[in-house]
Amino acid sequence: MPEMTSSVAAFVGGDGERSPALTLPAGVDLTAKLGRLTLKNPVTVASGTFGYGHEFHRFYDISQLGAVMVKGTTLHPRAGNKPPRVVETPAGMLNAIGLQNPGVDEVIRTELPWLVSVGATAIVNIAGHSVDEYGEIARRLDSVPGVAAIEINISCPNVDQGGMAFGVHCPSAAAVVSGVRRATKLPIITKLTPNVTDIGEVARAVVDAGSDMLSLINTLVGMVIDIERRRPVLGNTVGGLSGPAVRPVALKMVWDVARQVKVPIIGLGGIVTAPDAIQFLLAGASAVSIGTANFADPLAPLDVIEGIAAYLAAHGHRGVAEIVGAANPGFLGSRP
Amino acid sequence: MPEMTSSVAAFVGGDGERSPALTLPAGVDLTAKLGRLTLKNPVTVASGTFGYGHEFHRFYDISQLGAVMVKGTTLHPRAGNKPPRVVETPAGMLNAIGLQNPGVDEVIRTELPWLVSVGATAIVNIAGHSVDEYGEIARRLDSVPGVAAIEINISCPNVDQGGMAFGVHCPSAAAVVSGVRRATKLPIITKLTPNVTDIGEVARAVVDAGSDMLSLINTLVGMVIDIERRRPVLGNTVGGLSGPAVRPVALKMVWDVARQVKVPIIGLGGIVTAPDAIQFLLAGASAVSIGTANFADPLAPLDVIEGIAAYLAAHGHRGVAEIVGAANPGFLGSRP
Amino acid sequence: MPYIGRATVTAKREFARNMVSITIQCPAVAQESLPGQFVQVRAWPGPGTAADPLLDRPLSVAGVDKQKGTFELLVRVVGRGTRLLASVPVGETIRVTGPLGRGFLEAAGAAGPSILVGGGVGLAPLKFLAEVLTAGGHEVLSLVGARNAAELPPPGELAGKVQVATDDGSAGFHGTVVALLEQMLTMVVFRSGRVPAPVVYACGPTPMLRALKASATLLGLPVYLSLEERMACGIGACRGCAVRQVGPKMAAGEVKMVRVCHEGPVFAAGEVDLDA
Amino acid sequence: MPYIGRATVTAKREFARNMVSITIQCPAVAQESLPGQFVQVRAWPGPGTAADPLLDRPLSVAGVDKQKGTFELLVRVVGRGTRLLASVPVGETIRVTGPLGRGFLEAAGAAGPSILVGGGVGLAPLKFLAEVLTAGGHEVLSLVGARNAAELPPPGELAGKVQVATDDGSAGFHGTVVALLEQMLTMVVFRSGRVPAPVVYACGPTPMLRALKASATLLGLPVYLSLEERMACGIGACRGCAVRQVGPKMAAGEVKMVRVCHEGPVFAAGEVDLDA
Ligand SMILES: Cc1cc2nc3c(=O)[nH]c(=O)nc-3n(C[C@H](O)[C@H](O)[C@H](O)COP(=O)(O)OP(=O)(O)OC[C@H]3O[C@@H](n4cnc5c(N)ncnc54)[C@H](O)[C@@H]3O)c2cc1C
Ligand SMILES: Cc1cc2nc3c(=O)[nH]c(=O)nc-3n(C[C@H](O)[C@H](O)[C@H](O)COP(=O)(O)OP(=O)(O)OC[C@H]3O[C@@H](n4cnc5c(N)ncnc54)[C@H](O)[C@@H]3O)c2cc1C
Ligand SMILES: Cc1cc2nc3c(=O)[nH]c(=O)nc-3n(C[C@H](O)[C@H](O)[C@H](O)COP(=O)(O)O)c2cc1C
Ligand SMILES: Cc1cc2nc3c(=O)[nH]c(=O)nc-3n(C[C@H](O)[C@H](O)[C@H](O)COP(=O)(O)O)c2cc1C
Ligand code: FES
Ligand code: FES
């Protein structure tokens with residue numbers, strides 16, 4: 001049964017092997033226009049899952065990506081939380097890295113120049129303990145070459161102060177965004193937390209405060225307990241749930257937000273394959289991010305880019321924008 | 001390699017085969033005391049995943065369960081939502097059944113007597129469109145033989161009016177509970193939705209309103225899009241996410257609520273195995289419910305009961321209560 | 001009581017393109033199954049050890065050998081569950097729950113001359129039905145549709161008379177199996193004025209069933225359909241597979257749902273709403 | 001650049017109780033691997049087709065055959081990932097990423113007379129190290145600990161001199177491998193006054209490493225440890241496996257994290273905090 005054998009092979013040892021270069025169909029323009037931010041293609045990689053890109057650049061040329069959202073960057077260096085920091089869960093994982101990063105000045109000094117040197121489009125994800133701190137980080141990044149946009153992380157569940165605390169209430173979320181808005185002319189993406197009763201409300205608040213775009217979702221708060229030691233597995237007790245497990249929740253939130261704001265949305269949460277990504281585009285996201293999937297399959301973003309292109313070609317579309325929001329009757333954003 | 005073969009066998013074709021009767025170690029008392037509600041053991045089955053028990057009684061004697069939470073019951077019969085009503089997701093599923101049920105009078109007339117006749121402990125899950133309707137259903141159930149408790153479902157994401165709308169705000173949640181409290185002397189369990197910013201706040205509100213116990217979590221709202229048809233897979237557009245995927249989120253919420261209220265908690269969300277269930281007990285749940293796992297392994301609750309008993313025996317405990325909250329330093333409930 | 005537990009794969013062969021016949025040793029299912037009933041199958045770890053795919057997959061019983069205690073599945077590989085099942089090596093065990101649901105002859109009430117109409121995997125339950133009907137001495141005509149010749153079952157696989165139809169005309173009638181039925185019914189059955197009229201049993205994609213329901217109703221033949229609906233439990237508990245009951249038996253304004261996995265999968269065509 | 005792609009399982013054998021040796025055809029990994037480096041392995045579908053288990057599993061390279069282009073893993077079956085790996089039939093492919101991380105000799109800077117201390121799966125990288133060291137003409141003494149005789153590797157599996165210790169005394173020294181080391185060091189090495197002093201390389205459970213760090217530091221020997229930490233990416237991207245750097249090189253108040261998967265898994269004992 002030769003055909004059976006080939007259909008079976010894909011099931012042992014993970015998904016397929018692929019070349020580190022992209023193969024794209026002719027006649028499809030993958031350019032993603034997100035307001036005044038234009039990306040080569042709609043596939044970006046999510047903050048915290050890609051470091052500053054070095055590790056993945058060993059496997060493929062990361063300038064092929066729509067953008068690299070770098071690890072959450074703070075004003076001062078942070079060591080992060082105590083181990084264990086990660087634990088696997090059904091179709092997902094919890095992380096409580098705690099924003100380990102070398103601080104914004106070091107990122108400006110070494111990481112951003114390197115990203116520029118390899119031709120990558122860099123978006124800097126920032127996190128602070130106070131409205132002022134967010135503003136200060138943004139100010140330092142404002143005129144740095146190679147920063148395409150700032151992504152405001154008001155949704156990190158793994159730090160004591162700040163982080164998600166800002167993102168669950170409209171007034172504080174809006175205050176952070178206004179502060180950053182005053183500090184920079186760069187395009188601002190605000191990254192929303194799913195740990196709220198009504199994400200649409202927060203979305204509207206941060207757009208009103210001047211956010212040019214939104215990205216969603218960050219992680220859901222979760223935990224795992226070690227039943228032999230009778231204590232949480234993570235050193236930080238709780239962590240953020242990500243990966244395929246959360247995809248239906250993320251998609252629903254993108255769907256909702258796309259009906260309530262007109263700004264471009266970057267959709268993420270559990271995307272592994274092109275069909276996953278296409279669901280988010282059809283729901284109303286103008287671009288997507290690949291997060292946890294990078295850990296399970298470092299080449300996943302390349303498959304997603306190619307798969308989106310193939311889907312567009314197969315359905316006779318010439319550009320990505322043609323399918324953005326196409327499954328969502330209430331989509332508010334603009335389409336060509 | 002004979003040992004390898006045996007360790008490998010468990011991986012093809014699902015988890016093990018088992019007898020429909022329980023094998024329990026001597027010297028372990030599984031009784032679960034939830035205030036004035038006493039259950040044979042702490043393992044119940046979740047509303048909506050067990051019908052009224054008939055289907056599972058073909059496979060094993062359901063009187064062996066701690067309790068059966070019957071399908072969400074409304075004042076009048078409901079046909080439920082249009083198909084498709086279920087779709088699989090990574091390590092989970094979405095459902096949008098829409099509370100298909102024959103109405104409270106029919107449940108009283110046929111289902112409850114049957115449950116009594118087989119010796120099952122029945123808890124009736126109720127859902128209404130208004131505070132009055134919840135009260136009326138509770139009133140009709142109040143003096144019916146064989147109703148061990150009422151579980152108030154203010155967390156169903158799959159109905160247009162009522163359902164989850166009540167559960168996401170403290171005042172409406174409290175109003176439903178007060179109404180039911182006035183209508184019945186039966187123990188009241190309030191089932192909380194995870195789709196909120198602060199579940200502890202809702203928990204405190206419903207306990208203040210007279211809920212004897214809490215159960216959590218109901219499903220997370222989610223969706224899946226069919227990328228070929230470009231529309232949501234579910235007839236109802238959105239559905240409730242359940243199964244192992246949500247377990248870390250559920251556990252974290254049980255952990256939080258157990259630090260904020262003193263009443264007994266029934267923990268659920270993605271429990272499949274005894275180690276999963278024990279995590280919830282250690283976090284502070286006095287009992288657990290098995291939901292979606294019943295679909296993937298109809299005998300799962302029996303494995304969970306046996307596994308909890310074996311764990312207690314192996315660790316020298318004589319009763320379940322000894323481990324309730326044992327991993328949670330802030331546990332507020334009482335332990336012997 | 002349906003069986004639940006392990007069962008061993010004893011043989012596999014390619015039945016048609018992308019469709020595998022799998023023989024499974026399981027005396028309980030072999031003894032009890034009736035044509036049109038199905039089993040829930042899990043051919044991968046879990047749910048405790050690995051939770052994705054989470055749910056079992058429903059598959060019709062395509063035949064039984066009561067002597068040997070085996071039954072057959074005809075599986076079209078369409079996604080990850082069916083692919084994992086097709087990849088189980090002979091000799092390994094899978095988990096089986098069943099037989100489940102109500103079969104063709106239980107729905108119809110009696111056996112007699114029959115026309116079986118099947119497309120794609122709809123073949124599976126019809127193969128079993130053809131066997132049981134011919135063994136009972138009833139006349140059987142099977143109309144088998146496929147996209148092309150490669151997807152057709154090999155000749156001789158189905159008991160009784162068989163006519164085939166392909167979408168591309170690469171074998172048999174050029175067109176749908178329903179069009180073939182229409183042609184045959186007007187030409188053969190009615191011209192012969194035969195009594196009793198044959199019963200039509202069908203299984204296949206919903207659009208095919210809809211078309212069939214329309215034509216056969218027109219011709220006044222009793223039609224029984226095996227439906228497919230997305231399932232979670234497969235045993236009647238979740239109400240996930242419910243379809244709306246329709247027809248003369250229903251009171252005005254009455255809404256009644258039936259479960260494909262429990263009251264079905266076989267229903268009289270007039271009994272269920274295929275348009276939801 | 002580490003290899004990423006499929007590789008074929010060419011042999012399997014039971015190495016010790018519950019521990020399997022798996023040989024994998026993968027010339028890139030066979031050529032490039034150094035003792036102490038590891039690979040990330042996925043021996044099940046996904047992540048796209050099935051997402052549970054989600055993450056690859058890190059496993060040390062236990063030996064290479066550059067001629068044949070194969071490398072060896074020694075896998076203790078402790079959970080679902082290792083069990084799925086152990087169940088892959090010979091001839092099937094798995095996905096391999098590697099080699100990854102920094103090995104023993106890169107951490108130490110030079111090869112010389114060595115004492116290898118391993119418990120449980122800690123054996124895997126030490127087997128490779130012993131081979132490379134003896135092939136380089138260096139004296140090697142391996143101290144292998146296990147709970148009991150059945151869990152010990154068969155004699156002759158490790159190059160160089162081997163001494164064993166079991167917790168239950170069913171073979172060799174009765175006690176921990178660290179206690180055995182203490183006894184040997186005071187008795188043999190120091191009494192002989194040999195120069196240069198041997199380097200100690202160790203891999204095993206953290207409590208063992210902690211005990212070893214304490215005793216060896218006491219005796220003034222250089223010690224290199226291969227650490228294990230829960231990993232998500234295994235390639236340095238997620239910062240999930242970070243441990244705190246300590247020691248004289250650090251400025252007062254300075255906090256620096258190192259990644260077990262990238263700066264490690266081998267570190268000088270004095271360089272990392274084992275107590276977090
Ligand atoms: C009562 C019954 C009997 C059946 N008998 C057979 C049989 O004998 N032989 C056979 O090959 N198949 C049969 N099927 C269909 C079979 O169950 C599905 O093909 C199988 O579950 C798909 O699983 P998968 O993991 O391979 O596909 P998935 O990866 O789950 O899905 C593959 C594709 O099919 C779609 N899909 C999956 N399930 C359904 C559904 N229920 N309805 C509509 N679309 C769906 C998905 O959206 C996706 O596009 C039967 C179904 C039912 C309900
Ligand atoms: C650099 C490195 C090299 C390794 N080399 C080898 C090797 O050569 N041979 C070998 O057999 N093993 C080795 N391991 C350990 C191996 O990676 C784990 O045993 C394996 O990942 C467990 O996977 P599983 O799915 O079987 O277990 P799981 O089902 O994931 O877990 C089984 C049990 O182990 C616990 N556990 C799982 N992972 C860890 C962890 N990282 N730290 C602490 N507890 C954990 C779980 O909580 C659970 O109790 C190595 C680990 C690292 C980091
Ligand atoms: C290990 C890890 C670290 C993360 N760090 C950050 C971070 O620094 N800033 C941020 O905004 N999001 C961070 N996230 C969240 C991801 O960017 C993403 O929003 C989330 O994981 C959901 O997407 P996914 O399911 O595709 O991973 C992190 C996620 C993971 C798994
Ligand atoms: C098919 C289905 C139907 C459900 N119906 C109800 C219901 O009627 N009432 C209710 O309170 N919860 C209902 N639930 C929610 C479950 O009781 C449970 O809270 C949820 O599924 C999480 O647990 P699990 O992950 O173990 O399934 C339903 C869940 C499923 C999957
Ligand atoms: S699939 Fe659950 S009732 Fe039919
Ligand atoms: S495991 Fe991700 S950085 Fe080490």
Side-chain angles (χ1 to χ4, degrees), chain A residues 9-18 20 48-56 58-59 71 77-93 95-101 233-235 243-245 247 270 272-276 292-300 303, chain D residues 1-9 40-57 79-81 84-85 87-89 91-97 100 229-245 254-257 259-262 273 276:
Chain A
F11 276 82
V12 179
D15 296 339
E17 197 165 5
R18 55 156 298 129
T49 67
F50 212 75
Y52 298 93
H54 303 280
E55 295 79 14
F56 293 91
R58 293 186 293 168
F59 294 108
K71 175 72 197 161
R78 279 182 62 97
N81 291 325
K82 59 174 189 285
R85 293 174 168 192
V86 291
V87 59
E88 195 183 48
T89 68
M93 62 173 279
N95 89 80
I97 307 297
L99 291 178
Q100 178 187 330
N101 81 95
V233 168
L234 294 176
R247 194 193 311 138
V272 181
T273 66
D276 302 342
T292 302
N294 290 305
F295 304 158
D297 182 0
L299 305 180
D303 282 339
Chain D
M1 194 188 109
Y3 173 77
I4 180 166
R6 293 188 183 284
T8 306
V9 172
Q40 287 268 85
V41 165
R42 186 174 199 97
W44 50 89
T49 39
D52 188 37
L54 180 63
L55 303 168
D56 291 11
R57 298 297 191 260
R80 55 199 193 139
L84 284 164
L85 173 58
S87 76
V88 174
E92 282 290 354
T93 60
I94 61 175
R95 198 183 66 199
V96 168
T97 308
L100 300 165
E229 191 53 69
R230 283 175 190 265
M231 293 186 174
C233 71
I235 60 172
C238 74
R239 278 64 169 164
C241 64
V243 294
R244 203 171 161 149
Q245 186 169 333
E254 190 189 358
V255 179
K256 207 179 143 196
M257 307 301 291
R259 290 162 293 183
V260 170
C261 72
H262 200 75
D273 180 6

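This is a predicted model, so every value here is computed, not measured. A note on names: the letters A, B, ... follow the listed sequences, proteins ahead of strands, and every chain is numbered from 1.
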Item to check | chain A contacts, top residue of D/A7, D/P2, D/G234 (heavy-atom pairs, under 4.5 Å) | outcome: D/P2
Next on the checklist: Salt bridge check, D/R80 against D/D52: does any charged N sit closer than 4.0 Å to a carboxylate O?
Outcome noted: yes
Checklist entry - When rounded to the nearest 0.5 angstrom, what is the spacing between OG in D/S87 and CD in D/E92? => result 10.0 Å
Item to check | Contact summary for A/F59 and D/T97, nearest pair of heavy atoms | outcome: CZ-CG2, 3.7 Å
Next on the checklist: Donor-acceptor pair, distance only, cut-off 3.5 Å: does the side chain of A/E88 make one with the backbone of D/L55?
Outcome noted: yes
Checklist outcome for this item: Among A/P275, A/G243, A/G92, A/G235, the residue with the most heavy-atom pairs under 4.5 Å to chain D is A/G92
Checklist entry - A/P244 versus chain D, heavy atoms under 4.5 Å apart: side chain, backbone, both or neither? => result side chain
Checklist entry - Under a 4.5 Å heavy-atom cut-off, does chain D meet the side chain of A/T89, its backbone, both or neither? => result backbone
Checklist outcome for this item: Ranking A/A293, A/A296, A/G51 by heavy-atom pairs under 4.5 Å to chain D gives rank one to A/A296
Next on the checklist: If we define contacts as heavy-atom pairs under 4.5 Å, which of D/H262, D/M257, D/M231 has the most with chain A?
Outcome noted: D/M257
Item to check | Which atoms of D/A242 approach chain A - backbone, side chain, both or neither, heavy atom under 4.5 Å | outcome: both
Next on the checklist: Any side-chain to backbone donor/acceptor pair from D/W44 onto D/P53? Under 3.5 Å, distance only.
Outcome noted: yes
Next on the checklist: Can you tell me which of D/M1, D/R230, D/K256 forms the most heavy-atom pairs within a distance under 4.5 Å of chain A?
Outcome noted: D/R230
Next on the checklist: To the nearest 0.5 Å, what is the distance between CG on D/D273 and CD on D/Q245?
Outcome noted: 11.0 Å
